Amino acid sequence: MRKILFSIMLVIGLGTTANAVAQESTSEGAKNQVASKKKQRKEARAEDKAARKQKKEEEKAIKEHHQRIQSKDVIKRMKKNKKRDKQRNTKTVN
């Protein structure tokens with residue numbers, strides 16, 4: 001009788017602890033899923049931010065390059081015009 005009572009108590013005890021452990025693991029699993037989704041969103045935002053920063057830097061480099069080229073062209077044109085004007089002015093004055 002004691003053995004049967006002890007075995008019943010043992011089975012009930014193991015059953016309740018197994019349910020409690022299972023419930024804890026599912027709630028932890030849900031928390032992990034939420035944390036995982038948050039982590040994924042955070043990583044996605046970081047990647048997007050890095051991509052935007054890189055694109056902006058490329059556009060800035062292109063703009064600076066064009067400005068540098070344009071300023072060279074302007075300087076060359078000004079020298080050419082200065083030389084031309086100097087030649088024209090000296091011919092008319094003399």
Side-chain angles (χ1 to χ4, degrees):
M1 183 73 169
R2 280 185 169 175
K3 288 184 181 181
I4 296 173
L5 187 60
F6 180 72
S7 62
I8 292 173
M9 294 291 280
L10 181 65
V11 170
I12 292 173
L14 289 176
T16 56
T17 56
N19 286 340
V21 170
Q23 288 176 355
E24 288 177 356
S25 66
T26 56
S27 65
E28 289 177 1
K31 288 179 184 176
N32 289 340
Q33 280 185 334
V34 170
S36 172
K37 287 181 182 179
K38 284 183 182 179
K39 187 176 181 181
Q40 289 174 350
R41 286 194 305 265
K42 188 175 182 180
E43 290 173 355
R45 279 196 308 266
E47 290 173 0
D48 292 343
K49 184 177 181 181
R52 285 192 307 270
K53 185 175 181 180
Q54 183 179 3
K55 184 178 178 184
K56 189 173 183 180
E57 288 175 356
E58 289 174 359
E59 290 174 355
K60 185 177 179 183
I62 291 169
K63 184 177 180 182
E64 289 175 355
H65 177 69
H66 286 301
Q67 286 179 346
R68 188 169 54 245
I69 290 172
Q70 288 175 357
S71 64
K72 284 182 181 179
D73 292 339
V74 168
I75 290 170
K76 287 180 184 179
R77 188 176 69 236
M78 288 173 66
K79 283 184 180 181
K80 184 179 172 184
N81 290 344
K82 184 177 179 182
K83 184 178 177 182
R84 185 191 67 208
D85 291 342
K86 189 174 182 182
Q87 288 175 351
R88 287 183 182 172
N89 287 335
T90 54
K91 288 181 182 178
T92 57
V93 172
N94 289 336

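Along the sequence shown, residues carry numbers from 1. Only a predicted model underlies this, so the values are computations on that prediction, with no experimental measurement involved.
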Only pairs under 3.5 Å count here: list side-chain donor-acceptor contacts from residues 66-83, not counting sequence neighbours, and write none if there are none.
from, atom 1, to, atom 2, distance (Å)
R68, NH2, H65, ND1, 3.3
S71, OG, Q67, O, 3.3
S71, OG, R68, O, 2.8
N81, OD1, R84, NH1, 3.3
N81, ND2, R77, O, 3.4

Return all side-chain donor-acceptor pairs below 3.5 angstrom for residues 43-54, not counting sequence neighbours, or 'none' if the list is empty.
none

Which side-chain N or O atoms in residues 55-64 pair as donor and acceptor under 3.5 Å with protein atoms at least two apart or in another chain?
none

